[in-house]
Amino acid sequence: MKESYEIAQPLLAWYRQNARDLPWRHTQDPYAIWVSEIMLQQTRVAAVLGYYARFLTALPTVADLAAMDEDKLMKLWQGLGYYSRARNLQKAAQTVMADHGGQFPQSVEGLKALAGIGDYTAGAIGSAAFGLQTAAVDGNVLRVVSRLLDCHHDITLPATKKEFTAWIEEQLPPAGDDMRQFNQAVMELGATLCGPNAAPQCAGCPLQGQCLAHSRGTAEKLPVKAPKKPRRKEERTVFVLTCNGKVLLRKRPATGLLAKLWEFPNVEGHMDETAVAQQLQSWGITPVQWQKRLTATHIFTHVEWDMVGYCVEVADVDALPKSWVWADGALHDHAVPSAFGRFVETL
DNA sequence: AAGCCGGGGGC
DNA sequence: GCCCCAGGCTT
């Protein structure tokens, strides 16, 4: 470790004056910090705040989470995305209860052994909850370090992350209260002054004097990232089938996109009304009144759904296909992903 | 190393 | 449109 803290000292001083007031910064409860870190993976702070408060109210302890009904858990997570996070969260909670007596492992290695906790999250929890001397390198940190070092290596490469992690490790303060805040401080800088979109606000930066990108005028060109591949498009036809105030839903497969969430029945391709009628017939469903045709697009990271939807009042059905249910129109008990939001609005 | 996995806000 | 976001898991 470095014997001087040329980065940590000014950074921590700035952080203590300028840190945003975020709920997970008021606790040292590893459970609450863990929940926040999982929710924050690839997700903005603003999007997490409401979910976080509601989640901890519903499930205040790791024991509550471990025992939660899975469908209700998915309903709590509905709309937040990356749903495997929620399932891994519960799996890890059950591991903590079964293998660790309800107490969180207090080492980086122990944390990393839990489902859904990788390098970044183990470091973030270990430092914030236990004051461990460990790095936590996320997208914010990669951006900040690339600028501090004026390093033009591709930050999507594992080698670059290792390189930056090693540099951060040289800057760490000793274990304890400073470490509880150090990783938060680097990320805070990356989330506020040293952000990705607008030009970095170097004038107010506590590390301006030590930033090579600033002194060389390259800050706005960093970080360097490899271009991403184009996403594919899928055309689907969605069936919003209602009967006596109920709507027909089916459960998605246990793996893959939107696993285990509920959806309106849908098929590949764009159908006209004639084809839709035939499809309904093949399901043994009798249309009573055709109500609406509408289109919707939903963009995922690697695929785009171009959907046409048909809202049809149908007669009651004798034998429903497996995993299909009549759900109450408010969808109170079924987690339906945002991709179907335009169709949910019609209910 | 590359692909998969959501959703939304900012520009 | 395109960017990115307090990433992790799988192959």
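So that the names make sense, note that chain A is the first sequence line, chain B the second, and so on, each numbered from 1.
- Nearest-nucleotide mapping onto DNA chain B: of A:Ala159 and A:Leu261, the residue sitting toward the 5' end is A:Ala159.
- Looking at heavy atoms from C-beta onward, A:Arg147 lies out of side-chain contact with A:His214 at the 4.5 angstrom threshold.
- When the C1' atom of B:dC5 is taken as reference, atom CZ of A:Arg252 falls 12 Å away, rounded to whole Å.
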Check your understanding: Under the side-chain contact (heavy atoms from CB on, under 4.5 Å) criterion, do A:Thr43 and A:Met39 qualify, and how do the steps go?
Key -> CA-CA 7 Å; A:Thr43 309; A:Met39 286 188 172; over 6 Å; no
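- Considering only heavy atoms from C-beta on, A:Tyr5 comes within 4.5 Å of A:Pro174 through its side chain.
- For the pair A:Arg232 and A:Ile299, nearest-nucleotide mapping onto DNA chain B gives the more 5' position to A:Arg232.
- Regarding contacts with the backbone of C:dG8, a side-chain N or O of A:Thr121 is found under 4.0 angstrom from either OP1 or OP2.
- With contacts defined as side-chain heavy-atom distances shorter than 4.5 Å, the pair A:Asp71/A:Lys251 qualifies.
- Among the atoms of the strands shown, none is found under 4.0 Å from any heavy atom of A:Trp305.
- Residue A:Arg20 is classed as a base contact, given a heavy-atom separation below 4.0 Å to a base.
- Within the 4.0 angstrom heavy-atom criterion, base atoms lie near A:Leu22.
- Residue A:Asp119 is in sugar-phosphate contact alone, with no base atom involved, counting any heavy-atom pair closer than 4.0 Å across all strands shown.
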Practice item. Mind running side-chain contact (heavy atoms from CB on, under 4.5 Å) on A:Arg231 and A:Thr301 for me, showing each step along the way? Key: CA-CA 7 Å; A:Arg231 68 176 68 88; A:Thr301 303; over 6 Å; no
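- Secondary-structure stems of DNA chain B, taken as three or more successive Watson-Crick or G-U wobble pairs (i with j, i+1 with j-1) under a 3.5 Å distance threshold, comprise B:1-5 with C:7-11, B:7-11 with C:1-5.
- Closest approach to the A:Pro196 side chain among C:dA6, B:dG7, C:dC4 is made by C:dC4 (side chain taken as heavy atoms from C-beta onward).
- Remark: A:Arg143 is not in phosphate contact with C:dC4, judged by side-chain N or O atoms under 4.0 Å from OP1 or OP2.
- Comparing C:dC5 with B:dG6, their C1' atoms are spaced 12 Å from each other, to the whole Å.
- With hydrogens and angles left out, the side chain of A:Arg44 and the base of C:dC4 share a donor-acceptor pair within 3.5 Å.
- Annotation: side chain of A:Asp29 is not in contact with side chain of A:Trp24 (no heavy-atom distance under 4.5 Å).
- Residue A:Val303 is out of contact with every strand shown, counting any heavy-atom pair closer than 4.0 Å.
- Atom name C1', nucleotides B:dG3 and C:dA6: the rounded distance is 23 Å, in whole Å.
- Backbone-only engagement by A:Ala339 is indicated by non-hydrogen atom pairs under 4.0 Å involving sugar-phosphate atoms exclusively.
- Side-chain rings of A:Tyr51 and A:Trp77 stay apart, their centers remaining 6.0 Å or farther from each other.
- The phosphate of B:dG7 (OP1 or OP2) has a side-chain N or O of A:His298 nearer than 4.0 angstrom.
- Protein atom NZ of A:Lys225 is 16 Å distant from nucleotide atom C1' of B:dA1, rounded to whole Å.
- Contact annotation for A:Ile38: no contact, since no heavy-atom pair falls under 4.0 Å across all strands.
- Spacing between atom CG of A:Leu257 and atom C1' of B:dG7 amounts to 12 Å, rounded to whole angstrom units.
- Considering only heavy atoms from C-beta on, A:Phe239 comes within 4.5 Å of A:Val267 through its side chain.
- Contact annotation: A:His302 side-chain N/O to B:dC4 OP1/OP2 distance is not under 4.0 Å.
- For C:dG7, the OP1/OP2 oxygens have a side-chain nitrogen or oxygen of A:Gln42 closer than 4.0 Å.
- In this structure, the side chains of A:Ser146 and A:Val224 stay at 4.5 Å or more apart for every pair of heavy atoms.
- As a whole-Å value, the separation of A:Leu40 CG from C:dG8 P is 12 Å.
- A:Leu222 has its CG atom 17 Å from the P atom of C:dC3, to the nearest Å.
- Applying the 3.5 Å distance criterion, the base of C:dG7 shares no donor-acceptor pair with the side chain of A:Thr43.
- Counting any heavy atom pair closer than 4.0 Å across all strands shown, A:Gly256 reaches sugar-phosphate atoms only and no base atom.
- Within the nucleic acid shown, A:Phe300 comes within 4.0 Å of sugar-phosphate atoms alone, with no base atom in reach, counting heavy atoms only.
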Practice item. Could you give me the CA-CA distance, side-chain angles and deciding distance for A:Trp326 and A:Cys243, then say whether side-chain contact (heavy atoms from CB on, under 4.5 Å) is met? Key: CA-CA 8 Å; A:Trp326 286 109; A:Cys243 179; 3.6 Å; yes
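- Distances shown here put every side-chain N or O of A:Lys228 at or beyond 4.0 Å from the OP1 or OP2 atom of C:dC2.
- For the pair A:Trp77 CH2 and B:dG6 P, the computed distance is 12 Å after rounding to whole Å.
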Got a list of protein N/O to nucleotides 9-11 of chain C N/O distances below 3.5 Å?
unit_1, atom_1, unit_2, atom_2, d
C:dC9, OP1, A:Gly116, N, 2.9

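- Partner of A:Thr121 under the side-chain hydrogen bond (donor to acceptor under 3.5 Å, both in side chains) criterion, out of A:Gln41, A:Glu37, A:Lys112: A:Gln41 alone.
- Contact between the side-chain N/O atoms of A:Tyr82 and the OP1/OP2 oxygens of B:dC4 is not found at any separation under 4.0 Å.
- B:dC11 atom C1' lies 14 Å from atom CD of A:Glu220, rounded to whole Å.
- Atom OH of A:Tyr83 and atom C1' of C:dG8 are 17 Å apart (whole Å).
- In summary, the aromatic rings of A:His298 and A:Phe300 are positioned with their centroids under 6.0 Å apart.
- OP1 or OP2 of B:dG8 sits under 4.0 Å from a side-chain N or O of A:Ser338.
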